[in-house]
Amino acid sequence: AWPFFGQYMEKLLVENVAPSIRASNTHLQTFTFTKVDMGEKPLRVLGVRAHPGTHKKQILLDLNISYVGDVQIDVEVKKFFCKAGVKGMQGRGPHGMLRIILEPLLGDVPIVGALTMFFIRRPTLDINWTGMTNLLDIPGLSSMSDTMIMDTISSYLVLPNRLLVPLVPDLHEAAQLRCPLPRGVVRVHLQGARDLRCKDRFMGGLVEGKSDPYAVLRVGTQVFTSRVIDDNLNPTWDEVYEFIVHEVPGQEVEVELFDKDPDQDDLLG
């Protein structure tokens, strides 16, 4: 099945991800994937957990997956004659929790009418790009994160996006399974933080300053960023956000705090 997954990834990158990246920045209008090869080594399933479905014709499976393989992905920005790429993943490659929904359950073979797959949370991507420094040297891209490309890829694999694989012909529930109604809305009140670490240092680290904290809240592909509070280790934001919840159980609110810096922001926790 791994070669077929490679075909799906190539189609996803070329037809969906590349246009999104080209539209994100005027300097990337000639961005393209020149090679997509998922290699011969498939991903590994480290554990499986089953959940009761929301009704009797459904089974939920959570797969803890990890991938360390011989993938090769090459990209190019033709306007600036710039190339970059991924050649294999060593150590800790992409890993995360993949949910598979078996639905509807049938009274005859193949027993299951369709598979629905998605990541509940954005998978962790620890990938080293070759040539990314040259890509970031393109005028107007100096502030672009080297994870932007992989973050864009992840967004197509995370809720509310779903991959539906029908196992029987003329599946009447296909449209509903591909785009089900949200389960609800969760309101988050971001009040503040206390005793944050000092990240700003001056005079070669001899003088310790404070941090300029802000918060990033995420549920699936939904992301909110709070305002930055300058020079404060006990910030109070008092901000309210609302997230659409698509899957219960499973989805969680992720909160990360950063220190705003002129070059690269520091993770506070």
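Throughout, numbering of the chain's residues begins at 1 and tracks the sequence. This structure is a prediction, so every number in the text was calculated from the model and none was measured.
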Around Arg227, counting heavy atoms of other residues, nucleotides and ligands shown, do more than 12 lie under 6.0 Å from its CZ? yes
Are Tyr214 and Asp259 linked by a side-chain donor-acceptor pair shorter than 3.5 Å? no
Salt bridge (Lys or Arg N to Asp or Glu O under 4.0 Å) involving Arg121 - partner list, sequence neighbours excluded: Glu252
Which heavy-atom pair separates Asp231 from Asp212 by the least distance, and what is that distance? N-OD1, 2.7 Å
So, taking the atom named NZ in Lys260 and the one named CG in Asp266, what distance separates them when rounded to the nearest 0.5 Å? 11.5 Å
Is any side-chain heavy atom of Leu177 less than 4.5 Å from a side-chain heavy atom of Pro104? yes
Residue list, salt bridge (Lys or Arg N to Asp or Glu O under 4.0 Å) with Glu103, at least two apart or on another chain: none
Roughly how far apart are Phe33 CZ and Glu10 CD, rounded to 0.5 Å? 11.0 Å
Do Leu159 and Arg162 come within less than 4.5 Å of each other through their side chains, counting heavy atoms only? yes
Answer yes or no: does atom CD of Glu40 have more than 12 heavy-atom neighbours from other residues, nucleotides or ligands under 6.0 Å? no
Quick one: are Thr116 and Ile100 in side-chain contact, heavy atoms under 4.5 Å? no
Hey, quick one: are Leu163 and Leu171 part of the same hydrophobic cluster, counting side-chain heavy atoms closer than 4.5 Å, chains of contacts allowed? no
Write down the atom of Pro235, the atom of Pro213, and the distance for their closest heavy-atom approach. CG-CG, 3.6 Å
Testing the basics here: between Ser211 and Leu233, what is the closest heavy-atom pair and its distance to 0.1 Å? N-CD2, 3.6 Å
How far apart are the C-alpha atoms of Leu46 and Ser66, what are their side-chain angles, what is the distance that settles it, and do they pass the side-chain contact (heavy atoms from CB on, under 4.5 Å) test? CA-CA 7 Å; Leu46 304 180; Ser66 176; 3.9 Å; yes
Do Leu217 and Gln222 come close enough that some side-chain heavy atom pair is under 4.5 Å? no
I need the full list of salt bridge (charged side-chain N to carboxylate O under 4.0 Å, His left out) pairs touching residues 43-57, with sequence neighbours left out, sorted by first then second residue. none
With a 4.5 Å limit on heavy-atom distance, are the side chains of Ile120 and Asp62 in contact? yes
Between CZ on residue Arg197 and CG on residue Leu267, distance to nearest 0.5 Å: 7.0 Å
For the atom pair CG (Leu164) and CG (Leu115), what is the distance rounded to the nearest 0.5 Å? 8.5 Å
Applying side-chain contact (heavy atoms from CB on, under 4.5 Å), run through Ile65 and Leu98 and close with a yes or a no. CA-CA 7 Å; Ile65 66 170; Leu98 177 70; 4.3 Å; yes
Should the heavy atoms of other residues, nucleotides or ligands under 6.0 Å from NE2 of His189 be counted, would the total exceed 12? yes
List for me each residue that meets side chain to side chain contact (heavy atoms under 4.5 Å, CB included) alongside Pro182, sequence neighbours excluded, and say none if there are none. Ile244, His246
Under the side-chain contact (heavy atoms from CB on, under 4.5 Å) criterion, do Arg218 and Glu256 qualify, and how do the steps go? CA-CA 9 Å; Arg218 180 183 289 109; Glu256 291 182 314; 4.1 Å; yes
Linked, directly or transitively: Val165 and Phe119 (ILVMFWY side chains, under 4.5 Å): yes
Group every Ile, Leu, Val, Met, Phe, Trp and Tyr by side-chain heavy-atom contacts under 4.5 Å, then state whether Met97 and Leu61 land in the same group. no
Is the Lys NZ or Arg CZ of Arg99 less than 6.0 Å from the centre of Phe118's six-membered ring, within 45° of the axis? no
Side-chain heavy atoms of Asp170 within contact of Val168, under 4.5 Å: no
Taking atom CG of Leu181 as the centre, does the number of heavy atoms from other residues, nucleotides or ligands within less than 6.0 Å exceed 12? no
Looking only at heavy atoms, what is the nearest atom pair of Ser20 and Asn16, with distance? OG-O, 3.1 Å
Quick one: salt bridge (Lys or Arg N to Asp or Glu O under 4.0 Å) partners of Arg194, sequence neighbours excluded? none
Nearest-0.5 Å distance that lies between atom CZ in Arg178 and atom CG in Asn161: 12.0 Å
How long is the straight-line distance from CG of Leu105 back to CD of Gln58, given to the nearest 0.5 Å? 8.5 Å
Could you work out, with ring pair (Phe, Tyr, Trp, His ring centres under 6.0 Å) as the rule, every residue matching Tyr241, not counting sequence neighbours? Phe224
Taking Leu102 as the starting point, is it possible to reach Leu106 by hopping between hydrophobic residues whose side chains are less than 4.5 Å apart? no
Heavy-atom nearest pair, Asn234 first then Asn232, reads N-OD1, 2.7 Å
Answer yes or no: does atom CD of Gln176 have more than 12 heavy-atom neighbours from other residues, nucleotides or ligands under 6.0 Å? no
Hey, does Leu268 have a side-chain heavy atom less than 4.5 Å from the side chain of Phe258? no
Contact between Ser226 and Leu190 at the side-chain level, heavy atoms closer than 4.5 Å - yes or no? yes
Evaluate side-chain contact (heavy atoms from CB on, under 4.5 Å) for Glu247 paired with Leu60, printing each intermediate quantity in order. CA-CA 11 Å; Glu247 195 70 17; Leu60 306 181; 4.3 Å; yes
